[in-house]
Student: 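Just passing along the structure, written as structure tokens.
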Amino acid sequence: MSDSNFPTIGIVSGTGREGTALATRLAQAGYPVIIGSRTEERALQKARELAALLRNAGLDPTLSGATNAEMAEKAGVCVLSVPFPHVLESVRLLSFRPGTVVIDTTVPVAFEGRSARFVDTGGRSVAEQIQAAVSPGVHVATAFQTIPARILGDLDSPLDCDIFVCSDSPEAKRVTMDLVRPIPGLRPVDAGSLAEAGTIERMAVLAISMNLRYRVKSARFRVVGL
Ligand SMILES: NC(=O)c1ccc[n+]([C@@H]2O[C@H](COP(=O)([O-])OP(=O)(O)OC[C@H]3O[C@@H](n4cnc5c(N)ncnc54)[C@H](OP(=O)(O)O)[C@@H]3O)[C@@H](O)[C@H]2O)c1
């Protein structure tokens with residue numbers, strides 16, 4: 001059952017690995033979740049599948065599916081879960097309502113065999129470029145880049161790590177940190193502005209590289225001393 005005090009969270013292209021993992025944990029924490037997709041049928045199918053899975057795990061999720069476009073008009077908080085090469089074009093196709101908080105999870109990474117490399121984003125973080133692409137009144141924050149979807153989506157795995165949150169908008173940062181807090185085992189950490197999100201994007205590539213090198217899918221970050 002969702003918590004009536006929690007906002008509805010839309011997940012843009014929530015049908016993939018990251019979107020499914022986020023929907024799982026957000027629904028577990030009590031958020032109503034709308035899974036978005038470029039095609040309605042894919043969104044509905046994923047929402048049905050995930051709801052059945054979570055019910056089998058003893059949860060009572062509030063999950064629905066919609067096209068990305070329809071979802072962007074409804075949800076006050078939208079999480080972007082689109083592969084890096086397509087995220088800017090996807091965002092430009094959507095009309096977020098003024099006041100929407102858009103949470104970006106994008107990692108600018110390219111894979112070459114068993115190694116991962118940071119893709120040069122031209123001196124501006126992906127998040128800054130997304131902020132420049134959305135309408136005035138829509139505020140971008142970043143979160144979840146540094147945690148692998150594999151562990152985030154596995155309800156049997158304790159998370160025990162930090163989620164770095166960046167934004168140029170104090171309100172979007174507050175909303176995003178509040179969204180992270182009810183997820184067991186995650187601690188939101190204020191990591192600064194959207195310019196500083198570039199460092200977090202690089203740290204995410206570092207985590208991916210370590211996962212590949214050590215042949216695990218669980219390397220992530222926790223800051224000590226905070
Ligand atoms: N995987 C991870 O561990 C992880 C961790 C942290 C952050 N992230 C970030 O999360 C985002 C999604 O990663 P992912 O691993 O979930 O990717 P993914 O599974 O490969 O794709 C996610 C979804 O993106 C949509 N999509 C595919 N091709 C597209 C295109 N050409 N244009 C627009 N949309 C397209 C698809 O949804 P529809 O066909 O239904 O529209 C797909 O289900 C990335 O930015 C990634 O950096 C991933």
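One-based numbering along the sequence shown. FYI, side chains are in, hydrogens and waters are out, and symmetry mates aren't considered; it's all heavy atoms of this structure.
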Student: Should we say atom CZ of F111 is surrounded by more than 12 heavy atoms from elsewhere, each under 6.0 Å from it?
Tutor: yes
Student: Can you get from I34 to L94 by hopping between Ile, Leu, Val, Met, Phe, Trp and Tyr side chains that sit under 4.5 Å apart?
Tutor: yes
Student: Which atom pair, heavy atoms only, marks the closest approach of A207 to A219?
Tutor: CB-O, 4.0 Å
Student: Only one of I103, I163, D162 clears side chain to side chain contact (heavy atoms under 4.5 Å, CB included) with V180; which?
Tutor: I163
Student: Say whether, by atom type as modelled, one donor and one acceptor occur between the side chain of R114 and the main chain of L212 under 3.5 angstrom.
Tutor: yes
Student: Identify whether V165 and L22 are in the same connected component of the hydrophobic contact network (ILVMFWY, side-chain heavy atoms under 4.5 Å).
Tutor: yes
Student: Just by distance, no angles: are the side chains of E196 and T199 close enough, under 3.5 Å, to form a donor-acceptor pair?
Tutor: no
Student: Report the C-alpha separation of C78 and F96 in whole Å, then their side-chain angles, then the decisive distance to 0.1 Å, and conclude whether the side-chain contact (heavy atoms from CB on, under 4.5 Å) test is met.
Tutor: CA-CA 9 Å; C78 290; F96 298 108; 3.8 Å; yes
Student: Are M177 and L159 connected in the hydrophobic side-chain network, where two residues link if heavy atoms are under 4.5 Å apart?
Tutor: yes
Student: Are the side chains of P188 and R181 in contact, using a 4.5 Å heavy-atom criterion?
Tutor: yes
Student: So do V126 and E201 actually touch side chain to side chain, heavy atoms under 4.5 Å?
Tutor: yes
Student: Evaluate the side-chain proximity of L155 to Q28: yes if any heavy-atom separation is below 4.5 Å, no if none is.
Tutor: yes
Student: Can you tell me how far CG of D104 sits from CD1 of I130, rounded to the nearest 0.5 angstrom?
Tutor: 3.5 Å
Student: Check whether F84 and V102 end up in the same hydrophobic cluster, where Ile, Leu, Val, Met, Phe, Trp and Tyr are linked by side-chain heavy atoms less than 4.5 Å apart.
Tutor: yes
Student: G153 and T24: which non-hydrogen atoms are nearest, and at how many Å?
Tutor: O-CG2, 3.8 Å
Student: Looking only at heavy atoms, what is the nearest atom pair of S125 and L194, with distance?
Tutor: OG-O, 2.7 Å
Student: Nearest 0.5 Å, what's the CG-CD1 distance between L206 and I200?
Tutor: 11.5 Å
Student: State, with a plain yes or no, whether a side-chain heavy atom of L54 is found less than 4.5 Å away from one of L50.
Tutor: yes
Student: Could you check whether any side-chain heavy atom of R187 comes within less than 4.5 Å of a side-chain heavy atom of V223, counting everything from C-beta outward?
Tutor: yes
Student: Out of the candidates L63, V77, T8, L179, only one should pair with Y31 under the side chain to side chain contact (heavy atoms under 4.5 Å, CB included) rule; please name it.
Tutor: L179
Student: Taking S81 for its side chain and G19 for its backbone only, find out whether a donor-acceptor pair lies under 3.5 Å.
Tutor: yes
Student: Using only atom types and a distance under 3.5 Å, with no angle test, would you say the side chain of E73 pairs donor to acceptor with the backbone of R97?
Tutor: no
Student: Mind checking the OG1-CZ spacing from T20 to R25? Nearest 0.5 Å is all I need.
Tutor: 13.5 Å
Student: Between K74 and M71, is the side-chain contact (heavy atoms from CB on, under 4.5 Å) condition met? List the steps.
Tutor: CA-CA 5 Å; K74 275 193 207 157; M71 186 211 69; 5.8 Å; no
Student: Check for a donor-acceptor pair, side chain of Q131 on one end and backbone N or O of V138 on the other, with a separation under 3.5 Å.
Tutor: yes
Student: Please step through side-chain contact (heavy atoms from CB on, under 4.5 Å) for the pair M203 and Q145, ending with a clear verdict.
Tutor: CA-CA 9 Å; M203 285 170 64; Q145 303 105 309; over 6 Å; no
Student: For the residue pair Q45 / R42, report whether a side-chain donor-acceptor contact shorter than 3.5 Å exists.
Tutor: no
Student: Is any side-chain heavy atom of F164 closer than 4.5 Å to one of T146?
Tutor: yes
Student: Are side-chain heavy atoms of L186 and F144 found at a separation under 4.5 Å?
Tutor: yes
Student: Are R117 and E112 close enough, and set up right, to give a salt bridge (charged side-chain N to carboxylate O under 4.0 Å, His left out), and what steps lead you there?
Tutor: CA-CA 8 Å; R117 71 172 169 83; E112 284 155 12; 2.6 Å; yes
Student: Between E171 and R174, does at least one N-O distance fall below 4.0 Å, as a salt bridge requires?
Tutor: yes
Student: Please report the shortest heavy-atom distance between V33 and A23, naming the atom on each side.
Tutor: CG1-CB, 4.0 Å
Student: For atom CZ of R150, decide whether the heavy atoms of other residues, nucleotides or ligands shown that lie under 6.0 angstrom number more than 12.
Tutor: no
Student: Does the distance from a Lys or Arg side-chain N to an Asp or Glu carboxylate O, for K173 and D190, drop under 4.0 Å?
Tutor: yes
Student: How close do S218 and I151 get, counting heavy atoms only, and between which atoms?
Tutor: CB-CD1, 3.8 Å
Student: Between CZ of R213 and OG of S115, what distance do you get to the nearest 0.5 Å?
Tutor: 9.0 Å
Student: Find the distance between OG1 (T105) and CD1 (I11) and round it off to the nearest 0.5 Å.
Tutor: 9.5 Å
Student: Are I147 and I9 connected into the same hydrophobic cluster when the rule is that any two of I, L, V, M, F, W, Y join if their side-chain heavy atoms are below 4.5 Å apart?
Tutor: yes
Student: Keeping S37 on the side-chain end and E40 on the backbone end, is there a donor-acceptor pair under 3.5 Å?
Tutor: no
Student: Please report the interatomic distance CG(L80) to CG(N68), rounded to the nearest 0.5 Å.
Tutor: 9.5 Å
Student: Keeping Q129 on the side-chain end and R124 on the backbone end, is there a donor-acceptor pair under 3.5 Å?
Tutor: yes
Student: If the threshold is 4.0 Å, N to carboxylate O, is there a salt bridge linking R48 and E41?
Tutor: yes
Student: Under a 4.5 Å cut-off applied to non-hydrogen side-chain atoms, are N211 and P148 in contact?
Tutor: yes
Student: Let's go through T142 and S167 carefully: what are the C-alpha distance in whole Å and the side-chain angles of both, what is the deciding distance for side-chain contact (heavy atoms from CB on, under 4.5 Å) to 0.1 Å, and is it a yes or a no?
Tutor: CA-CA 7 Å; T142 64; S167 183; over 6 Å; no
Student: Taking all non-hydrogen atoms of both residues, which atom of I183 and which atom of A29 are closest, and how far apart?
Tutor: CG1-CB, 4.2 Å
